[in-house]
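One structure is given here, and the rest of the page talks about it.
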Amino acid sequence: MRVRALHDWPRSPAEAEAIQDRLRAAVRVTGELSGVRAVAGLDVAYANDGSDDLVAAVVVLDADTLEMVDSAVVAGTSTFPYVPGLFAFRELPALVDALERLTTTPDLLVVDGQGVAHPRRFGLASHLGVLTEVPSIGVAKTPLGRYEPPGPRRGDWTPLLDGAEVVGRALRTQDGVRPVFVSVGHLVDLDTATDQVLRLAPRYRLPETTRQADHLGRAALVR
DNA sequence: GCGACAG
DNA sequence: ATCTTGTCGC
């Protein structure tokens, strides 16, 4: 698929924040999604040897069968330090490379990380949504904001808050498991994002998109 | 000012 | 993210 090129790459955290503040204006947190046939899952695996080597993996699943119909794996190196809030700049280049190697264009991106549930409302999922102009949602394993525990059953959720503002949801995807943290990336609304995550997680805590991308990525790590 | 802080 | 043993459960 085609992805808008990464322009003016930041050389410092301050520059990275400025880029987020500039691009966030493009984010649309509405949209109902019709005819989703192919859903992409994106994940990055890191080398276990202390280096900055990494592998970005993208899978595309059939929305109904959840079977893989396309995939891409690329090796890369993170050139930006890990700073919460600027996490996207570690994984963006490799993930964009991987997306460009897909032979298909997915209808939805499911990203391992936050969307607008972010201090500047522009997490990795939003960033990728804006660069691709494809609807995107963030599914994180831990939150940046605060929340009250949702009910114990699959489908139960509570708002994820940044101060008084609702930025996403703590969503229980299976009975009795820890919730995942869903937020809008771009071009979808929060109800739709929640529905999609539940549909993509029929059996495990994490959506199949994330799981399959994770498996592919770590299998590609050399050791 | 201090602590917390996606992967 | 990644380093790790055993353990509980289907």
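Residue numbers start from 1 in every chain, and the chains themselves are labelled A, B, ... in the order their sequence lines are given, proteins ahead of strands. Predicted model, so just to flag it, every value in this text is computed and none were measured.
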Phosphate OP1/OP2 of B:dA6 contacted by A:Lys141 side-chain N/O (<4.0 Å): no
Nearest-angstrom distance from the residue atom CZ of A:Phe80 to C1' of B:dG7: 14 Å
Between C:dG9 (C1') and A:Asp175 (CG): distance, integer Å: 16 Å
Sugar-phosphate, base or nothing in reach of A:Leu95, heavy atoms under 4.0 Å: nothing
From CA spacing to verdict: side chain to side chain donor-acceptor pair (under 3.5 Å), A:Arg205, A:Gln174: CA-CA 6 Å; A:Arg205 176 186 179 230; A:Gln174 300 294 325; over 6 Å; no
Between C:dG9 (P) and A:Arg205 (CZ): distance, integer Å: 20 Å
Touch class at under 4.0 angstrom, heavy-atom based, for A:Gly85 against every strand present: base
Aromatic ring of A:Tyr82 stacked on base six-ring of C:dA1, 5.5 Å, 30°: no
Integer-rounded Å distance: B:dG7 P and A:Leu42 CG: 14 Å
Side chain of A:Asn48 - closest among C:dT2, B:dG7, B:dC5: C:dT2
Length of the CZ-P vector between A:Arg146 and B:dG3, whole Å: 16 Å
Atom-to-atom span, CZ of A:Phe181 to P of B:dC5 - whole angstrom: 11 Å
Touch class at under 4.0 angstrom, heavy-atom based, for A:Pro119 against every strand present: nothing
Minimum-distance nucleotide (side-chain atoms of A:Ala45 versus C:dT2, B:dA6, B:dG7): C:dT2
Sugar-phosphate, base or nothing in reach of A:Leu54, heavy atoms under 4.0 Å: nothing
Contact summary for A:Ala88 and A:His127, nearest pair of heavy atoms: CB-ND1, 4.3 Å
A:Leu95 side chain reached by A:Val44 side chain, heavy atoms, under 4.5 Å: yes
A:Arg154 atom CZ, over 12 foreign heavy atoms within 6.0 Å: yes
Interatomic distance, A:Glu91 CD vs C:dT2 C1' [rounded to whole Å]: 13 Å
Short side-chain N/O contact from A:Arg218 to OP1 or OP2 of C:dT2, under 4.0 Å: yes
Closest to side chain of A:Phe87, choosing from C:dT2, B:dC5, B:dG7: B:dG7
Sub-6.0 Å ring centroid separation between A:Phe87 and A:Phe80: no
Phosphate-side-chain proximity, A:Thr142 and B:dC5, N/O vs OP1/OP2 below 4.0 Å: no
Between C1' of C:dG9 and CD of A:Gln174, the distance in whole Å: 16 Å
